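Reading through the structure tokens given below for one structure.
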There are 2 protein chains.
Amino acid sequence: MSVAGLTKNQALVFDKLTAAGGPMSAYQILDNLREEGFRAPLQVYRALDKLIADGLVHKLESLNAFVACAHPEEKCGSHGLTAFAICNECGNVFEFHHHGLEHDLEHFLGAKGFKPEKTVVEIRGKCANCA
Amino acid sequence: MSVAGLTKNQALVFDKLTAAGGPMSAYQILDNLREEGFRAPLQVYRALDKLIADGLVHKLESLNAFVACAHPEEKCGSHGLTAFAICNECGNVFEFHHHGLEHDLEHFLGAKGFKPEKTVVEIRGKCANCA
DNA sequence: TCAGATATGTTATACTGTTACAAACTTGTG
DNA sequence: CACAAGTTTGTAACAGTATAACATATCTGA
Ligand SMILES: [Zn+2]
Ligand SMILES: [Zn+2]
Ligand SMILES: [Zn+2]
Ligand SMILES: [Zn+2]
């Protein structure tokens, strides 16, 4: 379950998020880790910072929530662009890479002198089950 | 400057945002409208809700901030996809539409039974001036 | 052992957004 | 005009998200 190189708190947060199988807010994580000794938001946010830097967790900006990476073996962190389809009905999140997209954006913005560092792509809608 | 069909508070918020020429947080807007009689966040959020629904203002999810539409005459609201390149150095925001992008995403997700309703695309990086 | 670095704990606070309810204004109708 | 219905605004309280500042503990290498 766990991943090498993580501290205790980082591992607790990562495992909780992985077990959830979907997005959680920082405060939901906090409440779910009180039994394990968590007391303050900062414990969660610090762990999330590291997990995000390592590409093991992503932040969903349009939800203010966090989700475990769907394929950590692919080193999402190294991709400039990770995209999410988020169902507004059931809350299900589908994570994907789309190289055409990435390339198009880089090309389009590069021509304008803009250097992308991190790209947020979140598609809100209805998933196949909820349509 | 103003736009027809807006109430007093909506017009005040829209004008302030337009004059700013860049993103503002809801509370920055509030503080800038105290002289005009604003007292509570809800006055700002209610106005923003309407302006966003009308496509005159966009929310930048990765900044928790709001920006006046760069080309309201094009009815951004009717596009599924409006994208933003946001400079991490100077805060400048460049709004654009990219139909190839929109089409690719629709095609890719449509094949999976996902029906997009609203898409967030925000590219954070360095603009030409700051590179 | 001891110093420096890293990780954690704790409190308080700042920032973002909503609920609930009351009052004022607008508009159409008898 | 009177007055009801709808819409806009005002106000207070609160809920949810995130960080600053400082203290303590733990780990690591000289
Ligand atoms: Zn990922
Ligand atoms: Zn669904
Ligand atoms: Zn626009
Ligand atoms: Zn710039």
Side-chain angles (χ1 to χ4, degrees), chain A residues 2-17 20 22-54 56-67 86 88 91 93 118 120 122 124, chain B residues 2-17 20 22-54 56-67 86 88 91 93 118 120 122 124:
Chain A
S2 272
V3 169
L6 297 183
T7 67
K8 192 184 78 172
N9 285 359
Q10 289 159 14
L12 284 168
V13 169
F14 179 70
D15 289 351
K16 188 59 78 176
L17 220 33
M24 297 178 78
S25 76
Y27 279 72
Q28 282 177 328
I29 295 170
L30 174 58
D31 287 340
N32 274 271
L33 286 176
R34 295 219 182 256
E35 293 179 8
E36 280 84 341
F38 274 48
R39 297 267 159 266
L42 205 48
Q43 296 176 285
V44 176
Y45 283 110
R46 284 202 276 230
L48 287 172
D49 283 350
K50 176 62 159 44
L51 294 168
I52 290 170
D54 287 359
L56 295 172
V57 166
H58 303 296
K59 174 168 189 181
L60 301 175
E61 298 286 354
S62 69
L63 288 178
N64 293 321
F66 304 86
V67 67
I86 302 168
N88 288 327
V93 173
K118 185 190 178 213
V120 175
E122 298 176 17
R124 310 289 301 264
Chain B
S2 275
V3 168
L6 298 182
T7 65
K8 191 184 79 174
N9 285 359
Q10 290 159 13
L12 283 168
V13 168
F14 178 71
D15 288 353
K16 188 61 75 174
L17 220 31
M24 297 179 78
S25 77
Y27 279 71
Q28 281 177 329
I29 296 170
L30 174 58
D31 287 340
N32 273 272
L33 286 176
R34 295 220 182 255
E35 292 179 6
E36 279 84 331
F38 275 46
R39 296 266 159 264
L42 202 48
Q43 296 176 285
V44 175
Y45 283 110
R46 283 203 276 232
L48 287 172
D49 283 348
K50 176 63 158 47
L51 294 168
I52 290 170
D54 287 1
L56 294 172
V57 165
H58 303 296
K59 175 168 189 180
L60 302 175
E61 297 286 353
S62 70
L63 288 178
N64 292 322
F66 304 86
V67 66
I86 303 168
N88 289 326
V93 173
K118 188 193 177 208
V120 175
E122 298 176 16
R124 311 287 301 265

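All values reported here derive from a predicted model rather than from experimental measurement. Naming: A, B, ... by sequence-line order, numbering from 1 per chain.
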Problem - B:Ser25 side chain near C:dT16 phosphate (N/O to OP1/OP2, under 4.0 Å) - result: yes
Practice task
Step by step, work out the side chain to side chain contact (heavy atoms under 4.5 Å, CB included) result for A:Leu33 and A:Asn9.
Solution key: CA-CA 10 Å; A:Leu33 286 176; A:Asn9 285 359; over 6 Å; no
Exercise for the section: With heavy atoms under 4.0 Å as the rule, sort A:Lys59 into base, sugar-phosphate or nothing. Expected result: sugar-phosphate
Practice task
Starting from the 5' end of DNA chain D, give me the residue, A:Tyr27 or B:Gly37, whose nearest nucleotide shows up first.
Solution key: B:Gly37
Handout entry: Separation of C:dA7 C1' from A:Lys50 NZ (nearest whole Å)
Key = 11 Å
Practice task
Please report, rounded to the nearest Å, how far the P atom of C:dT10 is from the CZ atom of A:Arg34.
Solution key: 12 Å
Exercise for the section: Respond yes when some side-chain nitrogen or oxygen of A:Gln43 is under 4.0 Å from OP1 or OP2 of C:dT8, and no when none is. Expected result: no
Fill in the blank from the handout: A:Gln28 CD to D:dG16 C1', in whole Å, measures 11 Å
Handout entry: 5'-most by nearest nucleotide on DNA chain D - B:Arg46 or A:Ala26
Key = B:Arg46
Handout entry: Distance in angstrom units between A:Asp49 CG and C:dT6 C1', rounded
Key = 15 Å
Problem - pair B:Leu17-B:Leu56: side-chain heavy atoms closer than 4.5 Å - result: no
Exercise for the section: Look at A:Thr7 and C:dT8 and indicate whether a side-chain polar atom (N or O) is within less than 4.0 Å of OP1 or OP2. Expected result: yes
Practice task
Would you mind telling me which of C:dG17, C:dA20, D:dT17 lies closest to the side-chain atoms of A:Tyr45?
Solution key: D:dT17
Problem - Residue mapping more 5' on DNA chain C - nearest nucleotide basis, A:Gln10 or B:Leu42 - result: A:Gln10
Handout entry: Length of the line joining A:Glu61:CD and D:dA18:C1', which is rounded to integer Å
Key = 12 Å
Practice task
Just call it for A:Arg39: base, sugar-phosphate, or nothing, with non-hydrogen atoms closer than 4.0 Å on any strand.
Solution key: sugar-phosphate
Completion exercise
Which of C:dG17, D:dT19, C:dT8 is nearest the side chain of B:Asn64? It is C:dG17
Practice task
Please check the phosphate of D:dG10 (OP1 and OP2 only) for any side-chain N or O of B:Asn9 closer than 4.0 Å.
Solution key: yes
